[in-house]
Amino acid sequence: MARSASGWLSLALALAVVFQTGFMPVNDSTAPTGQLARMTLEEKVGQMIMAGFYGEKPTEEARKLIQQGHVGSMILFSYTGNVKEPLQTARLTNSLQAMAQKTRLGLPLLIATDQEGGVVARLTTGATELPGNMALGATRIPSLARQAAEITAKELKAIGIQMNLAPNVDVNVNPANPVIGVRSYGEDPKLVAELGAEQIKGLQKNGVIATAKHFPGHGDTHVDSHLGLPVIDKSRQELEQVELVPFKRAIAAGVDAIMTAHIHVPALDPTPDLPATLSEPILTGLLRNKLGYDGLIITDSMAMAGVAGYFGGVSQAAIKAVQAGADIILLTPELDTEEQLDVHKAIVQAVKRGELSEKRINQSVLRILRAKWKVGVFTDRYVPLHQVSKKVGIRKHHSRALAMAQQAITLVKNDDNLLPLHLDKGQKVGIISPYSLLEYVQKYHAEAEELYLNQVNPSDDMIQAAVAMARDKDVLLVGTYSANLYPQQAKLVQALQALQKPLIVVGLRNPYDIKEFPEVNAYLNAYGFRKVSLQAAVDTVFGANQPQGKLPVTIPDLYPYGHGLSYSHSAQVWPQTK
């Protein structure tokens, strides 16, 4: 009997699965059960570990984690050298998958990264740099959130990454929050829920697992859980009205994964100093049972101080996380290879001595295997290298990213209509910023000089140098970076104000900076420091972009949620001087 081309393709894929896993699946829904039945306890526990390593190529440490530790997932970072540019990353993911294929069952890896967009993005060089969540929140346009996620998914998928540890659906109601800020869409739980749901759909419809984080909500903290254990001292009713709203919406949108937060929430579990990550009442009682969630639960990094410093160290904390209901234990490379393998051994031993049941392990492993089948990694674990440049960092994606960044720019203050700038040819612009704006300014005005700040908390000597450079300038353009968290930035701006020259400040991260220097002539928020946001900010300063954004947060005592100015329709498009 003749067989169609699609029929031969299906047969070839099925035979590939047989070769890799040793059995013929009837369909994707029954395959995980068959795989689970063939796995040893050590292999099952390995599937529950997401491990990390240092290096741009597969190392001996990576091989140990995959082939000795049986890890089922790997996480890639830029700071570890894993992610440098798209083609290198694609080669790395293919090599890691080849290592996994050499294990007894040949199960493919789930490879993850944090590509939130904006300030948290592991893949930047050669890829599309997108504005982050708060920038999207400033636009108030849900379709832009989905488009950003679609671009992200397409580029991640092209380099062999099937899981994005995003979106962040924390509600940023605390201006002093040191770790969330612009990673959130804003302070309105409904806005956060809507944009988060759109990004979940954009990622998952393009074959990448979305991860809503950080459950049950990290937006109202003043402690960074990388450094300590934040406490959310709110009532259950308050949590239901704010923090939990986006997670309920994410579950309704079909989110594949939810990441836990290393925060203590007494209203949900009064056990002293117990992080949500280790709390059965929170992960199983609330998330599984009350909210009806049956997708993957992944911990935040177990190397973070908010969890690692409690309950006997990382291995014991990992056991408690599994008891609480976590499916994937995230181990970042701050833990060396042996420490990560020790976590695996500890969980195996906990099962053998009856502290954990194998039934509980099986539940998690089934969820993990089903997620892998859903994203197609069993039948298509390798990515074609020749396609990477055709799918990642392409002009179409960049154009969309720039348009999003331009729509996000929020003009907060504009005394005497200083903006858009109209400069005579001989007038001089002085730029002081921790991220270079010079190339963007010189597209509009050639007479510009820049002092680059090499740290976010400039020294007194650096402030004096900035003042000296600014003395002969006609207009000053200053970039700030969460000045409410770095007092020397406020000192810098105040020193420049004393020169009594027109002063424009662009907020390049959190939008609250103007509280530290409310008398500046003009202030606008870009909500990020990626190139598209820098360009969009300067385009707006010179009138080539009409500011449209609205504050997605309140600037206490100054500007309400939803505030945002615009230029008159007669604003000219520059350049006029070169």
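All values derive from a computational prediction rather than experimental measurement.
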In the structure I gave you, are the side-chain heavy atoms of [X] and [Y] within less than 4.5 Å of one another anywhere?
X: Leu239; Y: Leu268; result: yes
X: Val169; Y: Lys213; result: no
X: Leu76; Y: Arg122; result: no
X: Leu244; Y: Pro216; result: yes
X: Ile361; Y: Val322; result: yes
X: Leu165; Y: Ile75; result: yes
X: Ile263; Y: Thr277; result: no
X: Met163; Y: Thr211; result: yes

Donor-acceptor contact below 3.5 Å, side chain [X] vs main chain [Y]:
X: Gln47; Y: Val71; answer: no
X: Thr128; Y: His397; answer: no
X: Gln340; Y: Gly52; answer: yes
X: Lys154; Y: Val392; answer: no
X: Tyr293; Y: Ala257; answer: yes
X: Lys391; Y: Ile159; answer: no
X: Gln204; Y: Asp256; answer: yes
X: Ser482; Y: Leu485; answer: no
X: Gln162; Y: Ile111; answer: yes
X: Ser184; Y: Gly186; answer: yes

Mind listing the closest non-hydrogen atom pair of [X] and [Y] along with its distance?
X: Ala90; Y: Leu385; answer: CB-CD2, 3.7 Å
X: Ser95; Y: Pro58; answer: CB-CG, 3.1 Å
X: Tyr527; Y: Met134; answer: CD2-CG, 3.7 Å
X: Phe378; Y: Pro108; answer: CE2-CD, 3.2 Å
X: Leu130; Y: Ala148; answer: CD1-O, 3.6 Å
X: Glu187; Y: Asn172; answer: CB-O, 3.5 Å

Measure the spacing between [atom1] of [X] and [atom2] of [Y] and express it to the nearest 0.5 Å.
X: Thr379; Y: Arg381; atom1: OG1; atom2: CZ; result: 10.0 Å
X: Ser78; Y: Leu123; atom1: OG; atom2: CG; result: 9.0 Å
X: Gln88; Y: Thr93; atom1: CD; atom2: OG1; result: 9.5 Å
X: Glu56; Y: Thr89; atom1: CD; atom2: OG1; result: 9.5 Å
X: Ser357; Y: Asn362; atom1: OG; atom2: CG; result: 8.0 Å
X: Asp336; Y: Tyr54; atom1: CG; atom2: OH; result: 10.0 Å

Is the closest basic N to carboxylate O distance between [X] and [Y] below 4.0 Å?
X: Arg140; Y: Asp188; result: no
X: Arg183; Y: Glu116; result: yes
X: Arg91; Y: Glu85; result: no
X: Lys320; Y: Glu280; result: no

Practice problem: Evaluate the criterion side-chain hydrogen bond (donor to acceptor under 3.5 Å, both in side chains) for residue pair His264 and Asp273; output intermediate values, then yes/no. | Solution: CA-CA 6 Å; His264 179 45; Asp273 294 330; 5.7 Å; no
Quiz item: With sequence neighbours left out, which residue pairs that include part of residues 190-203 fulfil the side chain to side chain donor-acceptor pair (under 3.5 Å) condition?
Solution: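 Counting only pairs at least two positions apart or across chains, the side chain to side chain donor-acceptor pair (under 3.5 Å) contacts touching residues 190-203 are Arg146-Glu198, Tyr185-Gln199.
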Exercise. Kindly assign one of parallel, tilted or perpendicular to the pair Phe77 and Tyr79, based on the angle between their ring planes and the thresholds 30° and 60°.
Key: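 Judged by the thresholds at 30° and 60°, the geometry between Phe77 and Tyr79 is tilted.
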Practice problem: Run the numbers on His262 and His218 for side chain to side chain contact (heavy atoms under 4.5 Å, CB included), then give the verdict. | Solution: CA-CA 9 Å; His262 302 330; His218 207 314; over 6 Å; no
Quiz prompt | More than 12 heavy atoms from other groups under 6.0 Å of CD on Glu60 | solution =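 Correct, the count exceeds 12.
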Practice problem: Mark yes when over 12 heavy atoms from residues, nucleotides or ligands other than Lys248 sit less than 6.0 Å from its NZ; otherwise mark no. | Solution: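 Count over threshold, so yes.
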Exercise. Would you check, one step at a time, whether the test side chain to side chain contact (heavy atoms under 4.5 Å, CB included) holds for Leu331 with Val314?
Key: CA-CA 9 Å; Leu331 304 176; Val314 176; 4.2 Å; yes
Exercise. Before giving the answer on side chain to side chain contact (heavy atoms under 4.5 Å, CB included), spell out for Ile298 and Thr260 the whole-Å C-alpha distance, their side-chain angles and the decisive distance to 0.1 Å.
Key: CA-CA 6 Å; Ile298 179 172; Thr260 67; over 6 Å; no
Quiz prompt | Residue that, paired with Glu43, satisfies side-chain hydrogen bond (donor to acceptor under 3.5 Å, both in side chains) out of Gln35, His70, Arg104 | solution =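 Single pass found, and it is Arg104.
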Practice problem: Determine the sole option in Lys44, Arg370, Arg367 for which the salt bridge (charged side-chain N to carboxylate O under 4.0 Å, His left out) test with Asp327 is passed. | Solution: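 By the salt bridge (charged side-chain N to carboxylate O under 4.0 Å, His left out) criterion, Asp327 pairs with just one of Lys44, Arg370, Arg367: Arg367.
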Quiz item: Please walk me through it: do Val255 and Ile258 pass side chain to side chain contact (heavy atoms under 4.5 Å, CB included)?
Solution: CA-CA 7 Å; Val255 69; Ile258 290 178; 4.0 Å; yes
Practice problem: List the steps and the verdict of side-chain hydrogen bond (donor to acceptor under 3.5 Å, both in side chains) for Thr113 and Gln115. | Solution: CA-CA 6 Å; Thr113 197; Gln115 194 76 359; 5.2 Å; no
Quiz item: Is there a donor-acceptor contact under 3.5 Å linking the side chains of Ser364 and Arg360?
Solution: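 On atom types as modelled, these side chains qualify, holding a pair under 3.5 Å.
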